[in-house]
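Take a look at the structure set out below.
Since we're looking at a predicted model, the values are computed, not measured.
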Amino acid sequence: MLGADVTWSPERVVAFFGDDSGENRHPRRLWYDFGLVEFSWDRASADRPWSGHHLSVQAHRLTHGVTPEPVLVERYGPFSGPVAFADVAAELERRGVELVERPGSDADIREYLQPRSFTSVLVVAGGYYGDPGDVYNVSSPVFVSPESRESELFRTLHGA
């Protein structure tokens with residue numbers, strides 16, 4: 001996201017995207033919503049520093065007239081509406097980036113995982129969430145249960 005990622009502190013993210021955000025703050029969880037982009041942090045206790053949890057791009061909000069963050073428009077130009085998964089998948093394939101479809105429990109959403117980065121792409125499959133084939137959101141990293149194969153791979157790749 002223009003270099004911003006989950007390693008950034010809340011202060012750095014706000015300085016980059018601006019202070020016009022929704023905020024949800026609890027002693028151990030913090031979330032900022034800038035419009036299309038959301039960042040989330042957590043911490044072990046109220047006296048500990050924040051640790052990045054994930055960032056999400058809520059692409060489905062483009063169909064509801066949400067204005068993208070100015071820094072995104074400055075870099076990428078105007079956003080015209082829904083994002084077609086077919087276009088995203090074709091570009092990722094062109095770049096040699098693998099997506100693996102994951103089994104899901106919601107018939108109206110399909111989930112794809114990029115195994116090395118643990119980035120999730122949710123795609124509308126039924127009419128409940130929007131138009132089939134549109135990207136619903138992109139989240140990174142996606143943390144899964146500690147005993148899963150994905151978590152073992154994440155720990156191996158990131159020395160954790």
Side-chain angles (χ1 to χ4, degrees), residues 1-26 28-43 49-102 104 106-144 150 154 157-158:
M1 179 62 58
L2 297 175
D5 64 28
V6 297
T7 65
W8 284 23
S9 70
E11 297 79 17
R12 186 173 179 193
V13 169
V14 168
F16 186 75
F17 285 104
D19 60 5
D20 185 23
S21 68
E23 177 182 313
N24 193 341
R25 183 182 292 262
H26 298 277
R28 294 178 51 188
R29 299 217 188 272
L30 175 61
W31 165 82
Y32 284 123
D33 175 355
F34 295 94
L36 290 183
V37 178
E38 299 176 354
F39 279 81
S40 179
W41 298 266
D42 57 17
R43 57 187 176 186
W50 293 110
S51 176
H53 187 271
H54 72 276
L55 70 88
S56 295
V57 178
Q58 301 295 342
H60 64 95
R61 292 180 181 166
L62 289 169
T63 62
H64 303 293
V66 169
T67 303
E69 291 73 9
V71 68
L72 295 177
V73 174
E74 183 178 305
R75 170 65 171 87
Y76 298 112
F79 288 63
S80 61
V83 178
F85 178 65
D87 295 342
V88 172
E91 179 61 19
L92 291 174
E93 184 177 338
R94 186 186 71 75
R95 294 178 183 206
V97 176
E98 174 189 27
L99 285 180
V100 177
E101 187 168 3
R102 294 184 54 144
D106 188 334
D108 287 331
I109 289 285
R110 294 172 68 187
E111 180 181 11
Y112 296 85
L113 179 72
Q114 202 302 306
R116 290 195 55 82
S117 68
F118 286 81
T119 298
S120 168
V121 180
L122 298 183
V123 180
V124 177
Y128 183 79
Y129 295 101
D131 292 331
D134 287 349
V135 173
Y136 188 77
N137 79 11
V138 178
S139 295
S140 183
V142 174
F143 295 105
V144 291
E150 291 90 350
F154 185 87
L157 291 172
H158 298 281

Please name the pair of heavy atoms, one in [X] and one in [Y], separated by the smallest distance, quoted to 0.1 Å.
X	Y	answer
S117	S140	O-OG, 3.8 Å
A125	A107	CB-O, 3.6 Å
S120	L122	OG-CD2, 3.9 Å
P49	R43	O-CB, 3.3 Å
V135	A84	CG2-C, 4.3 Å
P141	V6	CD-CG1, 3.7 Å

Any side-chain heavy atom of [X] within less than 4.5 Å of one from [Y]?
X	Y	answer
F85	L99	yes
P68	L62	yes
W41	R25	no
L36	V66	yes

Taking only residues two or more places apart in sequence or in another chain, which ones pass ring pair (Phe, Tyr, Trp, His ring centres under 6.0 Å) with Y136? H60, Y129

So how far is it from [X] [atom1] to [Y] [atom2], rounded to the nearest 0.5 Å?
X	Y	atom1	atom2	result
D106	E111	CG	CD	11.0 Å
F39	H54	CZ	NE2	10.0 Å
L113	T119	CG	OG1	7.5 Å

Give a yes or no answer on whether the side chain of [X] reaches the backbone of [Y] with a donor-acceptor pair at less than 3.5 Å.
X	Y	value
E69	G35	yes
Q114	E98	yes
Q58	R61	no

Please check if atom OH in Y128 has more than 12 non-hydrogen atoms from other residues, nucleotides or ligands closer than 6.0 Å. no

For E23, look at atom CD and say whether over 12 heavy atoms of other residues, nucleotides or ligands are found less than 6.0 Å away. yes

Pair Y32 and F17, ring centroids less than 6.0 Å apart: no

Tell me if the aromatic rings of W8 and F16 count as close, with their centers under 6.0 Å from one another. yes

Any chance you could lay out the side chain to side chain contact (heavy atoms under 4.5 Å, CB included) test for V14 and F34, step after step, and finish with the verdict? CA-CA 9 Å; V14 168; F34 295 94; 4.2 Å; yes

Is D42 salt-bridged to R28, going by a charged N under 4.0 Å from an acidic O? no

